[in-house]
Amino acid sequence: MLFAIFFAFWRFLQIITLIPTIGLLAYFVDGYNNANQLTPNYILVLFIVSVLATAWAIFTLFSYHRSSTNATFVAVIDLLFVGAFIGAVYTLRFIANADCTNVAAGSAVDVSLGIFGSASLNGVRVSIDKPCAMLKASFAFGIINTILFFFTAVLAAMHGDRMSARDRKTYVRETHSHRHSHRSVPAAPRSRHSSHHSHRRVYV
């Protein structure tokens with residue numbers, strides 16, 4: 001029960017961060033597609049990994065009973081996604097040092113202060129490069145999902161080890177009880193043999 005709660009919580013966080021990533025990158029994929037151009041690898045790789053990771057997260061979230069049974073398999077797949085996200089983030093690493101905002105001084109604005117007179121304030125003009133900001137946000141979401149999938153992989157691996165240890169204990173108990181019952185069975189023929197022998201003595 002505790003595994004299901006923690007597992008569902010981390011899976012929910014993964015889905016929340018993956019859906020915006022898909023939306024941001026789909027904007028670029030659609031733009032390149034409409035322009036009849038190939039989508040760059042640094043966009044396409046992270047987009048494909050995010051789509052596959054979202055499908056896997058949704059599937060394991062709504063079938064967490066199976067996930068708890070096959071916890072080791074879930075841990076292996078999550079580790080594969082960790083490696084995939086690391087590779088996708090690495091291809092987009094150039095955006096980390098990009099400056100997507102430009103802050104400049106605007107025109108002066110006169111503000112009336114009533115009986116205290118007026119004041120002249122310099123305005124601030126902020127311009128944001130939209131494609132740069134979207135790629136930077138996708139880069140950040142990729143790093144976050146790398147960490148989240150590592151957490152779920154460790155959680156599933158710990159649960160899988162616990163389940164396998166429990167299965168080994170159950171197997172040892174069943175084997176011990178089977179051997180014990182097998183040893184107690186041959187007692188019946190001895191009594192039969194002794195009764196037959198006593199019967200022969202009476203006859204003689």
### Summary
Residues passing the side-chain hydrogen bond (donor to acceptor under 3.5 Å, both in side chains) test with W56, sequence neighbours excluded, are D78
### Message
Suppose the criterion is side-chain hydrogen bond (donor to acceptor under 3.5 Å, both in side chains): which pairs have a residue in residues 134-148, not counting sequence neighbours?
### Response
T17-N145
### Task
First locate atom CZ of F139, then atom OG1 of T21, and finally report the distance between them rounded to the nearest 0.5 Å.
12.5 Å
#### Entry: Spacing of I48 atom CD1 and I22 atom CD1 [to the nearest 0.5 Å]
11.5 Å
### Summary
Residues joined to I16 in its hydrophobic cluster, side chain to side chain under 4.5 Å directly or through other members, sorted by chain and number, are F12
#### Entry: Nearest non-hydrogen partners of A156 and V74, listed with the distance
CB-CG1, 4.2 Å
#### Entry: Distance in Å, I19 CD1 paired with T54 OG1, rounded so as to fall on 0.5 Å steps
6.5 Å
### Message
With heavy-atom distances below 4.5 Å as the criterion, would you say the side chains of I58 and I15 are in contact?
### Response
yes
### Query
Could you state the interatomic distance from CG (L25) to OG (S50), rounded to the nearest 0.5 Å?
6.0 Å
### Message
Considering only residues two or more places apart or on different chains, which pairs with a residue in residues 42-60 satisfy salt bridge (charged side-chain N to carboxylate O under 4.0 Å, His left out)?
### Response
none
#### Entry: Same cluster (ILVMFWY, side-chain, under 4.5 Å), F151 and M158
yes
### Task
Search all heavy atoms of A98 against all heavy atoms of C132 and return the closest pair with its distance.
CB-SG, 3.9 Å
## Note on the structure
Taken to the nearest 0.5 Å, the spacing of Q14 CD from I144 CD1 works out to 11.5 Å
### Query
Can you check whether F47 reaches V51 side chain to side chain, under 4.5 Å on heavy atoms?
yes
### Message
Restricting to side-chain contact (heavy atoms from CB on, under 4.5 Å), what partner residues turn up for A133, sequence neighbours left out?
### Response
C100, I128
### Derivation and outcome, side-chain contact (heavy atoms from CB on, under 4.5 Å), residues F9 and I5
CA-CA 6 Å; F9 172 74; I5 294 174; 5.6 Å; no
### Message
Between F149 and L18, does the side-chain contact (heavy atoms from CB on, under 4.5 Å) criterion hold? Intermediate values first, please.
### Response
CA-CA 11 Å; F149 271 92; L18 283 169; 4.1 Å; yes
### Task
Could you check if a side-chain atom of L92 sits within less than 4.5 angstrom of a side-chain atom of F94, using non-hydrogen atoms only?
yes
Show every donor-acceptor pair shorter than 3.5 Å between a side-chain atom in residues 79-87 and any protein atom, with sequence neighbours excluded, or say none if there are none.
none

### Query
Between the main-chain N or O of A8 and the side-chain N or O of R11, is there a donor-acceptor pair closer than 3.5 Å?
no
Below 3.5 Å, can you tabulate the donor-acceptor pairs from side chains in residues 35-44 to any protein atom, sequence neighbours excluded?
none

### Summary
Hits for side-chain contact (heavy atoms from CB on, under 4.5 Å) against D30, two or more places apart or cross-chain, chain-then-number order -> N34
### Task
Just jot down the ring pair (Phe, Tyr, Trp, His ring centres under 6.0 Å) partners of F28, sequence neighbours excluded, or say none.
none
